[in-house]
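Data first, discussion second: the structure below is written as structure tokens.
Chain letters run A, B, ... following the sequence lines, proteins first and then strands; every chain starts at 1.
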2 protein chains.
Amino acid sequence: MAREETGRIRRPAAARREQILAVAADAFAIAGFRGTSLAEVAQKVGVSQPGLLHHFSSKEALIIAVLQQRDLQDEQYVEAQFAGTETTTREWLMAFCRRNETQPDLVRLFTVQAAESLDPAHPAHDFFYQRNQRVRNRIAQLIEADQAKGRLLSSLDPAAAAAELVSLMNGLQLQWLRDPAIDMCGLFEASLLRLENHPNTVTPLVEPPQAEA
Amino acid sequence: MAREETGRIRRPAAARREQILAVAADAFAIAGFRGTSLAEVAQKVGVSQPGLLHHFSSKEALIIAVLQQRDLQDEQYVEAQFAGTETTTREWLMAFCRRNETQPDLVRLFTVQAAESLDPAHPAHDFFYQRNQRVRNRIAQLIEADQAKGRLLSSLDPAAAAAELVSLMNGLQLQWLRDPAIDMCGLFEASLLRLENHPNTVTPLVEPPQAEA
DNA sequence: GTCTATAAAATGATAGAC
DNA sequence: GTCTATCATTTTATAGAC
């Protein structure tokens, strides 16, 4: 009814941008940056391809915007949980893991882009390098705090342990995306507990059948 | 001298195939399957694009051939080291890790393709699913043998530990490719030792400066 | 803010000669 | 075994109207 003769639907720029970001995130998560065309994204948004480029000046600008937005949302969500409160390394990491478990699409976006962007010519190359450093530093920080409180052995090298935990998390995500029966968070927690010197902990590989929701 | 008038260079089919596989492996490792064009590969080989397609009927056939060849070579190399001999989980995995450390291009090929192939529409989707199952089973097997010999706690779930170790290895590879200063094998071995109930082991994050070769 | 039209380049694949 | 020629698509991006 509110349409104009040609069937065009105008939207506030901000809303349209959000919509494009959501659709693009999905597409990039599945086929990667290079395997996704602007026309495909535009069609799913319900807009012409030049219409899309009105909001993001290029394909590169789009992928960067997608990654930055999702990254920010995610970090804020978890950090907000512990605002002011003191946290352990395990609690903090498990909060991320559990959140990830509810958002396979987001995990897939970052897993695929992280690998694709190893190419220095990839538009998100620097983004991922810096993000990785940031995350590793944050975890090393948490580990040091745990050590100061006697919750982790002080013989542990914080930077090394942080690199290992990030690696494990990334690798588990890949496994889980390939085979969702994998109990990503269970395996991760088991490993964290072992790091806390509880070597006898065991977890099943596959999640137990869920009770009815 | 042995050229024909047009500058064409004929080669035995087998040799040309090998050459193409090598060049293609490199290209797919850097830009992925979707980011690599046949023309690009052909040019680096020194052949026309239809000339390339004479040896591999399609782009899909090429990526599959590349992955299968590299996978086979690699598995054989490591398995040959332990032919007949008895091995521990740690020794076997470390042999892989050390070999990988000498072949960043190969590691990159598999890391990038593993992520890209999460898409069910990717030609190597099934290849990676099956490869992953095979590797996890093999490791679980080694863990069981270690448990039988008392080298690993029998409270450990072999399948779960195998999934965790594969994940850690994959994740460390990604970290290492992004930042070669990471001591991939050192971190991996530290984790394996912890699994063997030596919680006090420490490794530096960065490799010590190398003595002159 | 969105469209149509279109440019300009690249891509995977085929036909047919040598 | 390799090439030239060529096709049908697809892709990113721009120009300009509404």
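Contact check for A:L21 versus A:F56: side-chain heavy atoms found under the 4.5 Å cut-off. Here the side chains of A:D71 and A:F127 are in contact, with some heavy-atom distance below 4.5 Å. You'll find the side chain of A:E75 stays beyond 4.5 Å of the side chain of A:R131, heavy atoms only.
Distance from the side chain of A:S48 is smallest for C:dC3 among the nucleotides C:dC3, D:dA13, D:dT2. Of the listed nucleotides (D:dG1, D:dT4, D:dA13), D:dG1 has the atom at the smallest distance from the side chain of B:H55.
Of the side-chain N and O atoms in B:R16, one or more sit less than 4.0 angstrom from OP1 or OP2 of D:dT2. In this structure, A:S37 reaches the D:dT11 phosphate: one of its side-chain N or O atoms is under 4.0 Å from OP1 or OP2. Between A:H54 and D:dT14 there is no side-chain N or O to OP1 or OP2 distance below 4.0 Å.
Whole-Å rounding puts the B:L38 CG to C:dA9 P distance at 21 Å. Per the geometry, CD belonging to A:Q43 stands 12 Å off P belonging to C:dC3, to the nearest Å. In this structure, B:I9 atom CD1 and C:dC18 atom C1' are separated by 17 Å, rounded to whole Å. Rounding to whole angstrom units, CD of residue B:E60 and C1' of C:dA13 are separated by 13 Å. One can place NZ of A:K59 at 13 Å from C1' of C:dA10, the figure rounded to the nearest angstrom. With rounding to whole Å, B:R34 atom CZ is found 14 Å from D:dT10 atom C1'. Between the C1' atom of D:dT14 and the CG atom of A:L52 lies a distance of 15 Å, rounded to the nearest Å. Taking atom CZ of residue B:R10 and atom P of nucleotide D:dG1, one finds them 7 Å apart after rounding to whole Å.
If you find the closest nucleotide of DNA chain D to A:P50 and to A:G35, the one lying nearer the 5' end belongs to A:G35.
Both cation-pi conditions hold for B:R99 and B:Y77: the charged atom is under 6.0 angstrom from the six-membered ring centre and inside a 45 degree cone around its axis.
By the 30° and 60° cut-offs, the orientation of the rings of B:F33 relative to B:F28 is tilted.
Within the nucleic acid shown, B:L53 comes within 4.0 Å of at least one base atom, counting heavy atoms only.
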